[in-house]
Amino acid sequence: NGGRAPDFLLIELGVNGTCAQKESDLIRYCEEHQVADMRRLIGEIRKVAPKTMIAVAACSVGADQDAYGRNYGCSISAVQGHRNLFHVSRCWRELVRELNDRGDTRVRYIHFGGAIDPSRGFIRETVPAFAHSKEIVSRIGNALHPGLEGGRQMGDAVAAFLLTRLGETE
């Protein structure tokens with residue numbers, strides 16, 4: 001593109017460092033680390049790309065308890081993971097609102113939480129129903145990372161976001 005800044009930039013925020021946090025520590029952790037880092041990142045982007053539309057996207061809400069057990073050995077429950085992702089999403093929405101209130105209206109929030117079908121958007125695997133079982137069942141094999149269909153669903157959410165922003169003026 002000849003060194004020009006992009007028209008749109010998507011930053012999807014993962015959950016490393018937050019998924020296993022206790023609820024009492026999570027909001028402080030988000031504010032002191034993740035939100036502060038994101039403020040700095042957006043500030044640096046603005047220095048070289050002041051007109052770029054930045055979309056901040058929170059991770060999807062994740063799959064079911066079987067998938068969390070598969071990935072985290074049940075050290076993180078689906079309830080805890082979903083609760084923490086809700087709090088993290090709230091932190092990102094508040095940051096975007098703060099930036100908008102300060103005059104940077106070209107930063108937006110995309111919530112992927114509802115974009116991925118939790119029963120069909122994640123990678124599936126076939127496994128024994130339980131230890132020593134001869135019955136084979138299909139279950140979600142990854143708690144947070146979508147499969148091909150989920151990736152397409154996320155792409156649809158980004159496309160919808162971009163289509164709503166194409167008419168905005170600088």
Side-chain angles (χ1 to χ4, degrees), residues 1-63 67 71 76 78 80-123 142-170:
N1 71 358
R4 292 179 315 162
D7 294 325
F8 296 97
L9 177 65
L10 172 66
I11 304 171
E12 183 187 5
L13 308 162
V15 294
N16 294 344
T18 61
C19 213
Q21 292 282 332
K22 294 178 186 165
E23 189 170 11
S24 58
D25 300 331
L26 177 66
I27 294 171
R28 180 183 50 77
Y29 178 87
C30 285
E31 290 171 356
E32 290 177 5
H33 299 283
Q34 291 184 321
V35 171
D37 291 344
M38 184 56 65
R39 271 193 200 100
R40 278 193 306 278
L41 176 62
I42 291 173
E44 293 300 314
I45 291 168
R46 283 292 174 242
K47 289 178 185 177
V48 297
K51 294 181 180 180
T52 296
M53 174 67 73
I54 299 172
V56 177
C59 208
S60 65
V61 289
N71 290 139
I76 301 170
Q80 179 184 2
H82 292 177
R83 182 190 62 227
N84 288 4
L85 287 168
F86 171 80
H87 287 304
V88 169
S89 295
R90 192 185 79 227
C91 286
W92 298 134
R93 286 191 309 274
E94 289 173 4
L95 172 62
V96 168
R97 189 175 306 118
E98 171 194 315
L99 293 170
N100 291 173
D101 290 347
R102 290 183 179 178
D104 191 348
T105 59
R106 296 190 62 77
V107 179
R108 304 291 185 183
Y109 176 78
I110 298 177
H111 181 64
F112 280 148
I116 301 174
D117 178 346
S119 63
R120 292 181 180 81
F122 293 90
I123 298 166
N142 194 298
L144 296 170
H145 302 97
L148 179 62
E149 297 299 321
R152 289 176 176 154
Q153 292 166 346
M154 289 173 70
D156 289 344
V158 172
F161 170 82
L162 291 174
L163 287 171
T164 63
R165 301 300 177 236
L166 288 176
E168 291 185 7
T169 59
E170 296 179 12

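Bear in mind the structure is a predicted one, so any value in this text is a computation, not a measurement.
- The shortest non-hydrogen separation linking F122 to H145 is CD2-O, 3.5 Å.
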> Should L95 and V56 be marked as a side-chain contact (heavy atoms from CB on, under 4.5 Å) after you check the CA-CA gap, both sets of side-chain angles, and the distance that decides it?
Replying inline: CA-CA 10 Å; L95 172 62; V56 177; 6.0 Å; no
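- For N100 against V107, the heavy-atom pair with the smallest separation is ND2-O, 3.0 Å.
- Sparse packing is recorded around CZ of R120, with 12 or fewer heavy atoms of other residues, nucleotides or ligands lying under 6.0 Å away.
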> So N71 and L144, side-chain contact (heavy atoms from CB on, under 4.5 Å) or not? Walk me through it.
Replying inline: CA-CA 9 Å; N71 290 139; L144 296 170; over 6 Å; no
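- The nearest pair of heavy atoms linking R106 to R46 is O-NH2, 3.3 Å.
- The CG atom of L9 sits 8.0 Å away from the CG atom of L41 when rounded to the nearest 0.5 Å.
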> Given the rule in the side-chain contact (heavy atoms from CB on, under 4.5 Å) test, do F161 and M53 qualify, once you have shown the distances and angles that lead to the verdict?
Replying inline: CA-CA 11 Å; F161 170 82; M53 174 67 73; 4.2 Å; yes
>> Assess the residue pair M38 and I11 against the criterion (side-chain contact (heavy atoms from CB on, under 4.5 Å)); give the C-alpha distance rounded to whole Å, side-chain angles, the decisive distance to 0.1 Å, and a yes or no.
In response: CA-CA 10 Å; M38 184 56 65; I11 304 171; 3.8 Å; yes
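- Under the rule for a salt bridge (Lys or Arg N to Asp or Glu O under 4.0 Å), R4 has no partner lying at least two apart in sequence or in another chain.
- I110 approaches A55 most closely through the heavy-atom pair CD1-CB, 3.8 Å.
- Taking each heavy atom of S89 and Y109 in turn, the nearest pair found is CB-OH, 3.2 Å.
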Less than 3.5 Å apart, which donor and acceptor atoms pair up between the side chains of residues 147-159 and the rest of the protein, not counting sequence neighbours?
residue: E149; atom: OE2; partner: R152; partner atom: NH1; Å: 3.1
residue: Q153; atom: OE1; partner: D117; partner atom: N; Å: 2.8

>> Go through it in stages, so that I can follow the logic: the residues are R40 and E44, the test is salt bridge (charged side-chain N to carboxylate O under 4.0 Å, His left out), and I'd like the CA-CA distance, side-chain angles, deciding distance and then a yes or no.
In response: CA-CA 6 Å; R40 278 193 306 278; E44 293 300 314; over 6 Å; no
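- The structure places CG of L85 at 10.5 Å from CZ of R83, a figure rounded to the nearest 0.5 Å.
- When all heavy atoms are compared, the tightest approach of G81 to I76 is N-CG2, 4.1 Å.
- In this structure, the side chains of W92 and H111 stay at 4.5 Å or more apart for every pair of heavy atoms.
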